[in-house]
Participant: 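Please read through the structure below; I'll follow up with questions.
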Amino acid sequence: MPSPSEPPGATPRHTAPSQHKVRTLDPRSLRGLAHPLRMRLFRALRESGPATASQLAVRLDESSGATSYHLRQLAAYGFVEDAPEHGKGRERWWRATSQGIRLEPDRLNLADPVQRGAVDVLMHEVADNHTEELSTWLGTRHEWPTAWQEAYDLSDYSYRLTPAQAVELRERAGELLESFRAYEAQNADAEDAAPYRVHLHGFPRDTSPRHPDSTEEPS
């Protein structure tokens with residue numbers, strides 16, 4: 001049975017790493033990661049710890065041949081590595097080499113259609129994952145203790161900003177969110193602690209009215 005602080009079927013908590021290692025993507029590593037299954041594999045290893053290709057195939061509803069191939073590709077680009085301490089016999093276990101990725105557009109040539117396409121794949125996969133996570137929470141929130149049902153946030157804010165001010169907002173919000181990592185070690189064994197996910201979306205939005213193009217009658 002799950003503990004009172006976890007919903008049925010929750011993933012067991014793992015001790016947080018002492019450092020939250022984030023990898024900044026360059027053109028080569030971006031190409032290596034920008035594939036939907038590779039991103040799902042990388043995310044699964046980051047969130048749930050080391051696993052074999054067969055275990056990941058079951059978890060992601062994929063063939064073990066596909067997960068094995070794409071894990072080897074991820075290893076070639078340095079996103080995953082062997083975890084031999086977990087292996088038994090001929091089992092090959094994998095672990096993520098970082099806890100996150102960072103995309104900095106100014107390090108890329110977005111005029112290159114190949115790089116631009118890879119960025120599109122990566123960003124849409126991240127957005128799809130965010131949507132899935134939020135939908136899962138909304139569909140299962142009644143299974144959580146009352147304290148957790150009251151500890152969520154589903155808000156949006158609108159401002160009129162310059163690009164520089166938007167970057168300032170993003171960076172200051174990031175600093176605040178990073179400061180909460182200090183709680184991870186002390187909460188590793190806390191009975192009422194659980195993984196808490198925060199999505200931060202910010203983007204410009206066109207609010208001008210849209211009208212069909214008018215057509216003029218010939219004179």
Side-chain angles (χ1 to χ4, degrees), residues 7-137 139-140 184 195 197-201:
T11 301
R13 291 191 297 271
H14 294 270
T15 302
S18 57
Q19 292 184 335
H20 188 80
K21 182 180 178 182
V22 176
R23 178 175 179 177
T24 300
L25 300 180
D26 57 25
R28 179 179 181 276
S29 58
L30 170 65
R31 290 194 303 272
L33 183 62
H35 182 283
L37 181 52
R38 292 181 198 174
M39 292 187 66
R40 292 170 64 203
L41 289 166
F42 182 49
R43 183 166 61 247
L45 292 173
R46 282 163 31 215
E47 294 180 352
S48 300
T52 66
S54 296
Q55 291 170 340
L56 290 165
V58 172
R59 191 181 309 169
L60 302 179
D61 194 24
E62 295 282 349
S63 71
S64 58
T67 56
S68 180
Y69 171 78
H70 286 291
L71 283 166
R72 292 195 301 272
Q73 291 299 304
L74 286 170
Y77 288 94
F79 290 101
V80 304
E81 63 185 6
D82 285 313
E85 67 275 13
H86 293 275
K88 295 180 181 179
R90 299 180 62 182
E91 286 185 329
R92 187 175 188 180
W93 285 68
W94 300 91
R95 63 177 163 232
T97 57
S98 64
Q99 288 73 51
I101 56 173
R102 178 181 292 110
L103 181 64
E104 296 181 350
D106 59 356
R107 296 189 58 172
L108 306 173
N109 176 17
L110 296 183
D112 177 356
V114 174
Q115 290 189 38
R116 189 170 63 247
V119 170
D120 287 347
V121 170
L122 185 143
M123 293 179 69
H124 279 91
E125 182 64 23
V126 170
D128 287 346
N129 178 57
H130 287 183
T131 300
E132 179 182 350
E133 289 180 339
L134 180 57
S135 295
T136 298
W137 156 251
T140 60
E184 288 191 329
R197 191 82 159 129
V198 177
H199 296 164
L200 182 62
H201 301 161

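Starting from 1, each residue takes its place in the sequence as its number.
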Participant: Do Gln55 and Thr67 come close enough that some side-chain heavy atom pair is under 4.5 Å?
Facilitator: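 Of all side-chain heavy-atom pairs linking Thr67 with Gln55, none is under 4.5 Å.
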Participant: What class does the angle between the rings of Phe42 and Phe79 fall in, given that below 30° is parallel, 30 to 60° is tilted and above 60° is perpendicular?
Facilitator: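 Aromatic pair Phe42/Phe79 classed perpendicular.
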Participant: Would a 4.5 Å heavy-atom cut-off, applied to side chains only, mark Ser98 and Val22 as touching?
Facilitator: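 A side-chain contact under 4.5 Å is absent here.
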Participant: With sequence neighbours excluded, tell me which residues meet salt bridge (charged side-chain N to carboxylate O under 4.0 Å, His left out) with Glu133.
Facilitator: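 Counting only residues at least two positions away or on another chain, Glu133 forms a salt bridge (charged side-chain N to carboxylate O under 4.0 Å, His left out) with Arg197.
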Participant: In terms of side-chain geometry, is the basic nitrogen of Glu85 or Arg95 positioned less than 4.0 Å from the acidic oxygen of its partner?
Facilitator: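 Salt bridge flag = yes for Arg95 with Glu85.
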Participant: Measuring only between side-chain heavy atoms, which start at C-beta, is Glu47 closer than 4.5 Å to Pro195?
Facilitator: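 They are not in side-chain contact.
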Participant: Evaluate the side-chain contact (heavy atoms from CB on, under 4.5 Å) criterion for residues Ile101 and Leu122: first the C-alpha distance (whole Å), next the side-chain angles of each, then the deciding distance (0.1 Å), finally the verdict.
Facilitator: CA-CA 11 Å; Ile101 56 173; Leu122 185 143; 4.1 Å; yes
Participant: Using every non-hydrogen atom in the two residues, find where Pro50 and Ala83 come nearest and quote the distance to one decimal.
Facilitator: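 In terms of heavy atoms, the two residues are closest at CB-CB, 4.2 Å.
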Participant: Tell me the closest heavy-atom pair linking Gln115 and Asn109, and the distance in Å.
Facilitator: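 So the two residues come closest at OE1-N, 2.9 Å.
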Participant: Contact between Leu45 and Trp94 at the side-chain level, heavy atoms closer than 4.5 Å - yes or no?
Facilitator: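 With C-beta onward as the side chain, the pair touches.
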Participant: Check step by step if side-chain hydrogen bond (donor to acceptor under 3.5 Å, both in side chains) holds for Ser29 and Asp26.
Facilitator: CA-CA 5 Å; Ser29 58; Asp26 57 25; 2.8 Å; yes
Participant: Using modelled atom types and a 3.5 Å cut-off, is there a donor and acceptor pairing between side-chain atoms of Thr97 and backbone atoms of Gly78?
Facilitator: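 Side chain of Thr97 to backbone of Gly78, a donor-acceptor pair under 3.5 Å: yes, one is there.
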Participant: Which heavy atom of Leu74 sits nearest to which heavy atom of Gly32, and what is that distance?
Facilitator: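 Where Leu74 meets Gly32 most closely, the heavy atoms are CD2-O, 4.4 Å.
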Participant: Report the C-alpha distance between Glu62 and Leu56 in whole Å, list the side-chain angles of each, state the deciding distance to 0.1 Å, and finish with yes or no for side-chain contact (heavy atoms from CB on, under 4.5 Å).
Facilitator: CA-CA 8 Å; Glu62 295 282 349; Leu56 290 165; over 6 Å; no
Participant: Sequence neighbours left out, what passes salt bridge (charged side-chain N to carboxylate O under 4.0 Å, His left out) with Glu132? Give chain and number order.
Facilitator: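 Salt bridge (charged side-chain N to carboxylate O under 4.0 Å, His left out) list for Glu132, sorted by chain: empty.
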Participant: How would you list, by chain and number, every residue that makes a ring-ring contact (aromatic ring centres under 6.0 Å, His included) with His86, sequence neighbours excluded?
Facilitator: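 Scan of His86 (ring-ring contact (aromatic ring centres under 6.0 Å, His included), adjacent residues dropped) gives Trp93.
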Participant: Has Asp82 got a side-chain atom pairing as donor or acceptor with Pro84's backbone, closer than 3.5 angstrom?
Facilitator: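 Not a single qualifying donor-acceptor pair exists.
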Participant: Quick check: closest heavy atoms across Ser54 and Ser64, and the distance to 0.1 Å?
Facilitator: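 Closest approach of Ser54 to Ser64: OG-CB, 4.2 Å.
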Participant: Under the side-chain contact (heavy atoms from CB on, under 4.5 Å) rule, what do His35 and Gln73 come out as? Steps first, then yes or no, please.
Facilitator: CA-CA 11 Å; His35 182 283; Gln73 291 299 304; over 6 Å; no
